[in-house]
Novice: 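The following block contains the structure, expressed as structure tokens.
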Amino acid sequence: MEHLSPLSLARMIDISCVKANHTLAEINQMIASAKKYQFVCAFALPSYTSYLYEQLKVDPQILVGGAIGFPSGGDTTRTKVFQANELIEIGCGELDMVINLTHLKSHNYKAVLDDISAVVKTAGNIPVKSILEVTLLTEEELVTACKIAVDAGVTFVKTGTGWCSSPTTVEHIRQMKQAVGNQVKIKAAGGIRDLSTLRAMADAGCSRFGIGVASAVSILSQL
């Protein structure tokens, strides 16, 4: 990443307003930042995704992402498939889906696999990122979740929703990279606040970053 330009870095960053307390004003600020800096993708919670798409569809370089199962992942598979279909109909170019953590921690691995696979099948050619919420997992659970996600056909494994208080670490990225190799890509989200952390995660194998608007703009200014 030594010769990275601000634009090429922006094309590695998803910006988001996916917290329950994000306001329309903050979503509009995100939209303005997406247009100004050309971030690769922008996310809002589903009730605002159609609004987000209408505001960004004039710029085909900026994808609109769909959030599925936020923040717990505990929705039924049928609900997640419905969400995926609705978000695709709106115009989403990527889907970020929270896996069923209760099934994972209960060693019901087939249920985890079937849950992810159903959304991947529904998405077709649209990339799906499986959100593992790594700060809630043991290392063994993290590795298992990565392998299940690969078997389910995802495009990315993603560290978290950004809702947890504990941040994603470089060590999480290393563990995920060791588990998935080059079979799928890795997206980091949650607690990425500065350029040095982002660089370290990229060196560990991460190629996409989910970052809040203010932190994303700050990181570009650091570069």
Side-chain angles (χ1 to χ4, degrees), residues 11-20 22 27 30-31 34 39-53 56 62-77 79-101 104 112 115-137 142 145-146 148-150 152-164 167-168 172-173 176 180 184-192 201 206-213 215-216:
R11 302 305 296 170
M12 299 170 66
I13 294 175
D14 297 346
I15 54 174
S16 62
C17 283
V18 293
K19 294 290 186 67
H22 277 138
I27 293 171
M30 176 180 69
I31 290 165
F39 292 111
V40 66
C41 193
F43 286 79
L45 288 175
S47 63
Y48 277 100
T49 301
S50 59
Y51 175 79
L52 185 62
Y53 178 76
L56 289 175
I62 304 171
L63 297 171
V64 171
I68 296 175
F70 268 62
S72 71
D75 303 88
T76 65
T77 299
T79 298
K80 289 179 177 178
V81 167
F82 179 88
Q83 288 178 327
N85 276 312
E86 184 176 24
L87 292 167
I88 291 167
E89 288 176 4
I90 288 170
C92 289
E94 295 186 346
L95 301 174
D96 285 25
M97 169 201 166
V98 189
I99 71 168
N100 193 305
L101 296 165
L104 178 72
V112 180
D115 190 52
I116 303 171
S117 296
V119 172
V120 170
K121 181 179 179 180
T122 300
N125 293 327
I126 293 174
V128 174
K129 308 185 194 91
S130 61
I131 302 173
L132 312 183
E133 212 68 283
V134 296
T135 63
L136 302 181
L137 305 181
L142 186 155
C146 283
I148 292 172
V150 170
V154 302
T155 306
F156 286 83
V157 285
K158 178 181 172 183
T159 60
T161 58
W163 283 59
C164 287
T168 295
H172 288 134
I173 304 301
M176 292 167 74
V180 304
V184 300
K185 302 172 185 178
I186 298 172
K187 175 180 172 180
I192 304 167
M201 288 182 174
C206 186
S207 60
R208 186 76 74 88
F209 302 89
I211 307 177
V213 178
S215 294

Novice: Any side-chain heavy-atom pair from Ile173 and Ile186 closer than 4.5 angstrom?
Specialist: yes
Novice: Taking all atoms of both residues into account, what is the closest heavy-atom pair of Ala44 and Val18, and its distance?
Specialist: C-CG1, 3.9 Å
Novice: Strictly distance-based, threshold 3.5 Å: is any side-chain N or O of Thr159 a donor or acceptor partner for the main-chain N or O of Ala189?
Specialist: yes
Novice: When rounded to the nearest 0.5 angstrom, what distance separates OG1 in Thr122 from CD in Glu86?
Specialist: 13.0 Å
Novice: Quick one: pull up CD1 in Ile13 and NZ in Lys187 and give me the separation to the nearest 0.5 Å.
Specialist: 11.0 Å
Novice: OH of Tyr51: more than 12 outside heavy atoms within 6.0 angstrom?
Specialist: yes
Novice: Evaluate the side-chain proximity of Phe70 to Ile131: yes if any heavy-atom separation is below 4.5 Å, no if none is.
Specialist: yes
Novice: Ion pair present between Glu94 and Arg208, side-chain N to carboxylate O less than 4.0 angstrom?
Specialist: yes
Novice: State, to 0.1 Å, how close Ala84 and Leu95 come at their nearest heavy-atom pair, and which atoms those are.
Specialist: CB-CD1, 4.0 Å
Novice: Hey, does Val64 have a side-chain heavy atom less than 4.5 Å from the side chain of Ile90?
Specialist: no
Novice: Which atoms form the tightest heavy-atom contact between Ala145 and Leu132, and what is the distance?
Specialist: CB-CD2, 4.0 Å
Novice: Any salt bridge linking Lys158 with Asp14? Criterion: basic side-chain nitrogen under 4.0 Å from a carboxylate oxygen.
Specialist: no
Novice: Can you find a pair of side-chain heavy atoms, one from Ile116 and one from Val112, that are under 4.5 Å apart?
Specialist: yes
Novice: Between Glu133 and Gly160, what is the shortest heavy-atom contact and its length?
Specialist: OE1-CA, 3.1 Å
Novice: Are any non-hydrogen side-chain atoms of Ile126 and Thr155 less than 4.5 angstrom apart?
Specialist: no
Novice: How far apart are the closest heavy atoms of Asp115 and Met97, and which atoms are they?
Specialist: OD2-CE, 3.1 Å
